[in-house]
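Here is the naming used below: chain letters follow the sequence lines, and residue numbers restart at 1 for every chain.
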Amino acid sequence: MSDLLARLNPPQREAVTLPSTHALILAGAGSGKTRVLTTRIAWLLANDLVSPHGILAVTFTNKAAKEMQARLSALLPIHPRGLWIGTFHGLCNRMLRAHWRDAGLAQTFQILDSADQLATIKRLLKAANVDVEKYPPRELQSFINAHKEQGVRAGAAEAWDHYTRKKVELYAEYEAQCQREGVADFAELLLRCHELLIRNEPLRQHYQARFRHILIDEFQDTNRLQYDWLKLLAGGGAALFAVGDDDQSIYAFRGAEVANMRDFEQHYAGEHVIRLEQNYRSAGNILAAANALIRNNRARLGKNLWTDAGEGELLRVFESPSDLDEARAVVDEIRALMDEEGVSPDQIALLYRSNAQSRALEHELFSRGLPYRVYGGLRFFERQEVKHALAYLRLIANPDDDTAFLRVVNFPVRGIGARTLEILQTTARQLNTSLYNAAASLSGKAGATVAAFIRLIEQIRDETRARPLPESIARVVQSSGLDAHYRADKREGEERLANLDELVNAATLFMGEHTAPNVAAASEAEDDVLVAFLTHAALEAGEHQAETGQAAVQLMTVHAAKGLEFDAVFITGLEQGLFPHDNALEDHDGLEEERRLMYVAMTRARKRLYLTHAQSRLLHGQTRYALPSLFLEELPPEALKHITAITPRQPAWSYNSGFSSRPRPAPVVPPLPELPGGLTIGSNVRHAKFGFGVIVDAETGSDARVQVNFGSAGMKWLALAYAKLEKA
DNA sequence: TAACATTCCGTTTTT
DNA sequence: CGGAATGTTA
């Protein structure tokens, strides 16, 4: 047991060995947060302060939950059973499955992912004859989710104007429709679970008595409903142990409330606030720079990271004339890191603020033959062929699932067109039943084709009855016609078939992990396994992309990089308007969140940090000129080393780096307007009133005018004859 | 119904 | 510019 504590520093140890009390652990980046969380659980168990049964550990992502499981197994001699470790959604789902009747849900209720939810909303708008121009489905979706995440049902939603009243009305209809179809969206899982515990006193008391220690990871990311859920569960005297970092709160845009941390500190943690400030990840200069940056934020709980690892190298600031030059400079540097310093490519990360920026970087990496991997994009269970196969399974488990019905009723095509579906949908609405049930009431030719589809589903249900899940899925793929359809598709059929095979494999894997050995015999369990697998598919959409196999340079947004670390990190596109992003600045806390984002990005680096920016960038089809990011100015100059990779408008292939790329054709440069005073587009200038800026456009002639981007002072057209512009 | 044309839009995203 | 999402035509 003393082993558990041996490798902890004093504050970590203090956190781990806290008595059974509420506590807030302010864990800075790289300060051993996950270690503290898992060691705390292990310590409680090892000292018999709680039984495994009494532990509830909550994370946001499946990845974090899995890591916690794994690290706990490593800490304990035998892995205890009965612990509840999971995501908010996973845990709520678990409770709702156990108490589906009390929660007012169908026994086999299905979970809608975001795409399913959007499809459901679109269908609802169409049925209600709502103008989608006036009420965009996406907007309604976020309206509904935002309300649910605040714990607000349609009945309780406030609406002061006609427009909002209509949205609330649609929200109510959406609730009713989901209920009718036996489906629940992500937010519904949390809200429904919260309501269940509020309304059902015996159940509430049961769980309140059961969980003695509730531990929460990434507490700064909780929304209001999640916090309420935690407080409710802890209402029976459980100790809440919240770990988080307000400086790494980067999800306010999706409802996370950092204010929960301050509230928790005041109302729960009290004097049990522990700061983990020793950083084990980054070199001193990197930390010093990150600290200096984040000090510019006003709303903070306060924290300063330190390290005893030494200063390390200076941060390198790269300036390039254009985004293409930036990409070239970055890839040159990556080559050098790999060839001359022996850095493994998977220890190099290219970070950017927005996904669109990956293009130029990818292009350069590709043409230079460097292995790379881009995070983001389609995940396994989100692929259309996988979703189609799952929709057949969903229909078998729950015929009322109209979303699943509509997805596959005419896929592969079986002559059930829009006209037929319109009739079917009208009939279903009149009978107040599902499309599946309404099918029997159709007559004529339309009725016959739809009836054939229903027979097909019934047939598949029979075929798959009492069969192991993987085999059932294989049959579905066959009998539904998906197999034949993709076999006939020359272009991408092969890949899709491979993914369907992979789905069968996923089911096999799932069975191995989730089925108790003795349950397999029970015929009743068949349905349960199917529902469990469908739930798994919805709750864990799988990896973002297939592994490339070889070690590759990692490309991702700054958001996606949270929680990761690399030897060398490039933060690219550090320009006003991009990072910090223009759209973020409209919000009052916007700039601070962007700064936290920059802080997260910087603290990903262990040894080397590159900060790159370009003077011009191709954006939305036209060249934009921008000033270097405000964040660069907030870094301590003594920690930086400036490298102007290429001087403006010089040939791009003649700069530094021993790497000799093949000669490139000279870039086609449109002639720039000639302006008096040696000014041109891209020149840095200073104005008495507006400060520093960049010339982004110009009109020549006797009354020459220039457009100047003054950053925070805005974009101005100035007449050269009057405005006293100085070259800067 | 599917291929083709047109229009619109452009930050971050897990469950 | 490039994609996603519509709209149009054979």
Requested in this report: Using the P atom as the reference point in each nucleotide, state the distance between C:dA5 and B:dT12 in Å, no decimals.
Outcome: 15 Å
Query raised in the report: Rounding to a whole Å, what distance do you find between A:Glu540:CD and B:dT13:P?
Result: 19 Å
Report summary line: Assert: residue with more 5' nearest nucleotide on DNA chain B, out of A:Arg353 and A:Leu539, is A:Arg353
Report task. Give the rounded distance in Å between these two atoms: CD of A:Glu133 and P of B:dC9. Result -> 9 Å
Query raised in the report: Among A:Asp589, A:Asp246, A:Asp245, whose side chain to side chain donor-acceptor pair (under 3.5 Å) with A:Arg596 holds?
Result: A:Asp589
Query raised in the report: Whole Å only: how far is the NE2 atom of A:His559 from the P atom of B:dT12?
Result: 9 Å
Requested in this report: Assign A:Phe253 to base, sugar-phosphate, or nothing according to its heavy-atom contacts below 4.0 angstrom with the strands shown.
Outcome: base
Query raised in the report: Pick the nucleotide of DNA chain B nearest each of A:Ala584 and A:Phe186; which residue has the one closer to the 5' end?
Result: A:Ala584
Report task. Please answer whether B:dT15 and A:His89 are stacked, defined here as ring centres separated by less than 5.5 Å and planes angled under 30°. Result -> no
Query raised in the report: What is the ring orientation for A:Tyr171 with A:His147, classed by angle as parallel under 30°, tilted 30 to 60°, or perpendicular over 60°?
Result: tilted
Report summary line: Rounded to whole Å, CZ of A:Phe109 lies from P of B:dT15 at a distance of 17 Å
Query raised in the report: Can you find a donor-acceptor N/O pair under 3.5 angstrom joining the side chain of A:Ser114 to the base of B:dT15?
Result: yes
Report task. Ignoring backbone atoms, establish whether A:Asn355 has a side-chain N or O less than 4.0 Å from OP1 or OP2 of B:dT12. Result -> yes
**Report entry** Outermost DNA chain C nucleotides near chain A [under 4.0 Å, heavy atoms]
**Finding:** C:dC1 to C:dT6
Query raised in the report: Rounded to the nearest Å, what distance is computed from the CZ atom of residue A:Arg617 to the C1' atom of nucleotide B:dT11?
Result: 14 Å
Query raised in the report: How close or far is atom C1' of B:dT13 from atom CG of A:Leu118, stated in whole angstroms?
Result: 15 Å
Report task. Starting from C1' on B:dT12, measure out to CG on A:Leu351 and report it in whole angstrom. Result -> 13 Å
Query raised in the report: Hey, does A:Leu618 reach any base, or is it just sugar-phosphate, or nothing, if we go heavy atoms under 4.0 Å?
Result: nothing
Query raised in the report: B:dT14 P sits how many Å from A:Leu189 CG, rounded?
Result: 17 Å
Requested in this report: Could you tell me if the ring centre of A:Tyr372 sits under 6.0 Å from that of A:Phe366?
Outcome: no
Query - Proximal nucleotide (of B:dT13, B:dT15, B:dT11) relative to the A:Thr557 side chain - result: B:dT13
Requested in this report: Please determine, for the side chain of A:Arg379, which listed nucleotide (B:dT13, B:dT12, B:dT15) has the closest atom?
Outcome: B:dT15
Requested in this report: Identify whether any heavy atom of A:Asp113 sits under 4.0 Å from a base atom; if not, whether one sits that close to sugar-phosphate; answer base, sugar-phosphate or nothing.
Outcome: nothing
Give each protein N/O atom lying under 3.5 Å from an N/O atom of nucleotides 1-6 of chain B, with the pair distance.
| from | atom 1 | to | atom 2 | distance (Å) |
| --- | --- | --- | --- | --- |
| B:dT1 | OP1 | A:Asn410 | ND2 | 3.1 |

Requested in this report: Answer with yes or no after comparing the ring centroid distance for A:Trp100 and A:Phe109 against a 6.0 Å cut-off, counting only values under it.
Outcome: no
Query raised in the report: Do A:His194 and A:Phe88 have their ring centres less than 6.0 Å from each other?
Result: no
Query raised in the report: Expressed as a whole number of Å, how far does the C1' atom of C:dG3 sit from that of B:dT14?
Result: 23 Å
Query raised in the report: Are the ring centres of A:His388 and A:Tyr392 closer than 6.0 Å?
Result: no
Query raised in the report: Does the A:Asp185 side chain pair with the main chain of A:Leu112, one donor and one acceptor, at a distance under 3.5 Å?
Result: no
Query - Ring centroid separation A:His99 to A:Tyr207 under 6.0 Å - result: yes
Query raised in the report: Honestly, is A:Arg373 close enough over A:Tyr375, meaning NZ or CZ under 6.0 Å from the six-membered ring centre and within 45° of the axis?
Result: yes
Query raised in the report: From B:dT11, B:dG10, B:dT15, pick the nucleotide closest to the side chain of A:His620?
Result: B:dG10
Requested in this report: Classify the angle between the aromatic ring planes of A:Phe533 and A:Phe510 as parallel (below 30°), tilted (30 to 60°) or perpendicular (above 60°).
Outcome: perpendicular
**Report entry** Pair A:Phe579 + A:His613: ring centers closer than 6.0 Å
**Finding:** no
Report summary line: Per atom distances to the A:Thr61 side chain, the nearest of B:dT11, B:dT14, B:dT13 is B:dT14
